[in-house]
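Please read these numbers as outputs of a predicted model, since none were measured by experiment.
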Amino acid sequence: MSADTPRRIVLLRHAKAEWSDSSDHERPLADRGRKDAPVAGRWLAGAGITPDLTLCSTSVRTRETWKLAVHELPQRPKTVYEERIYEASLGELIALLNETSDEVKDLMLVGHNPGVHALADALSGEADGDLLPRMNRSGFPTASVAVLAFNGSWKSVEHGVGRLVAYWTPHE
């Protein structure tokens, strides 16, 4: 693929998690999260989004979210469980995207707020319609999805490089 290849970054925030006495990393999905995650997967499938690669945080809630969502997709992408996503800063998330092979056209990242929302906002140099203000007003709730399109190499991903082309949340 050439450096001007159209690409998509699909950001999925984990579904609603339980508050528990266990460590934050080990928090499982709540009942609502177990209902919302497959709905997010169905939205992705309906939107024609089948990523080539998924990078998923190693936390219990992100792994459970992805496991429930991916069953709704027509094909299962390669999945890498990436511990650097958990508690990652905006800069760390961009650096992770920059490491992606240019063989990957569509990349999904399953992660956490505030990082996922910050990443969607920072990469959105443009947006279709009212998507950007709608996303920012919502605060990127659990099980929400943002889809950004850009042309170029993954090494060129930086602030403002993308166009926010879709934003979905399960409870609008």
Side-chain angles (χ1 to χ4, degrees), residues 8-90 92-93 96-97 100 104-124 127 130-149 162 164-172:
R8 288 189 296 190
I9 303 167
V10 183
L11 303 173
L12 170 60
R13 182 178 176 199
H14 67 77
K16 185 75 175 167
E18 289 182 2
W19 290 102
S20 67
D21 292 334
S22 59
S23 75
D24 183 68
H25 192 270
E26 302 305 311
R27 288 174 42 216
L29 290 181
D31 288 342
R32 188 177 107 196
R34 285 189 290 280
K35 290 177 187 151
D36 288 349
V39 175
R42 285 192 290 279
W43 182 87
L44 291 165
I49 297 170
T50 52
D52 302 310
L53 173 65
T54 296
L55 300 177
C56 183
S57 168
T58 56
S59 77
V60 169
R61 61 192 178 274
T62 49
R63 288 183 288 133
E64 287 181 346
T65 298
W66 181 234
K67 181 179 178 182
L68 292 167
V70 75
H71 284 295
E72 304 297 329
L73 299 180
Q75 59 190 36
R76 185 182 183 95
K78 177 181 178 189
T79 300
V80 174
Y81 294 97
E82 176 55 69
E83 62 188 26
R84 293 178 293 169
I85 296 171
Y86 182 72
E87 295 187 336
S89 69
L90 173 59
E92 290 165 333
L93 290 172
L96 192 60
L97 295 178
T100 303
V104 173
K105 185 172 181 262
D106 292 341
L107 174 72
M108 175 172 281
L109 186 143
V110 184
H112 310 265
N113 262 2
V116 169
H117 184 190
L119 184 61
D121 187 48
L123 297 182
S124 296
D130 70 341
L131 292 178
L132 191 57
R134 196 163 58 89
M135 179 184 75
N136 287 329
R137 271 194 315 271
S138 75
F140 215 102
T142 55
S144 293
V145 179
V147 182
L148 296 107
L164 183 63
V165 296
Y167 174 69
W168 176 87
T169 183
H171 298 285
E172 281 193 307

For the side chain of [X] and the backbone of [Y], is there at least one donor-acceptor N/O pair under 3.5 Å apart?
X: E18; Y: S20; result: no
X: T65; Y: A15; result: yes
X: S59; Y: T62; result: yes
X: D36; Y: A143; result: no

L148 and V165: side-chain contact (heavy atoms from CB on, under 4.5 Å), yes or no, with the steps?
CA-CA 6 Å; L148 296 107; V165 296; over 6 Å; no
With D106, which residues qualify under salt bridge (charged side-chain N to carboxylate O under 4.0 Å, His left out), at least two apart?
R8
Qualifying residues under salt bridge (charged side-chain N to carboxylate O under 4.0 Å, His left out), relative to R34, sequence neighbours excluded
D31
Can you list the residues that meet the side chain to side chain donor-acceptor pair (under 3.5 Å) rule with [X], with sequence neighbours excluded?
X: T142; value: R32
X: T100; value: none
X: T169; value: S144
X: E92; value: S89

Least distance between heavy atoms, [X] atom then [Y] atom:
X: E72; Y: P38; answer: CG-O, 3.3 Å
X: V70; Y: P77; answer: CG2-CD, 3.8 Å
X: S124; Y: L132; answer: CB-CD1, 3.9 Å
X: L97; Y: L123; answer: CD1-CD1, 4.0 Å
X: S57; Y: H112; answer: OG-NE2, 2.8 Å
X: A37; Y: L68; answer: CB-CB, 3.7 Å

Give, for atom [atom1] of [X] and atom [atom2] of [Y], the distance between the pair rounded to the nearest 0.5 Å.
X: L55; Y: L11; atom1: CG; atom2: CG; value: 10.5 Å
X: L44; Y: L73; atom1: CG; atom2: CG; value: 6.0 Å
X: D121; Y: L164; atom1: CG; atom2: CG; value: 9.0 Å

Start with the C-alpha distance between L109 and I9, add both sets of side-chain angles, then the distance that settles side-chain contact (heavy atoms from CB on, under 4.5 Å), and finish with yes or no.
CA-CA 8 Å; L109 186 143; I9 303 167; 5.6 Å; no
Could you tell me whether the side chain of [Y] reaches within less than 4.5 Å of the side chain of [X], counting heavy atoms only?
X: L107; Y: V10; value: no
X: K78; Y: T54; value: no
X: P74; Y: T50; value: yes
X: T79; Y: L53; value: no

Apply side-chain contact (heavy atoms from CB on, under 4.5 Å) to [X] and list each qualifying residue two or more places apart in sequence or on a separate chain.
X: V39; answer: R42, W168
X: R134; answer: D130, L131, R137, Y167, E172
X: N113; answer: R13, V116, H117, F140
X: E83; answer: T58

Ring pair (Phe, Tyr, Trp, His ring centres under 6.0 Å) pairs touching residues 50-83, sequence neighbours excluded, are none
I need the full list of salt bridge (Lys or Arg N to Asp or Glu O under 4.0 Å) pairs touching residues 55-64, with sequence neighbours left out, sorted by first then second residue.
D24-R61
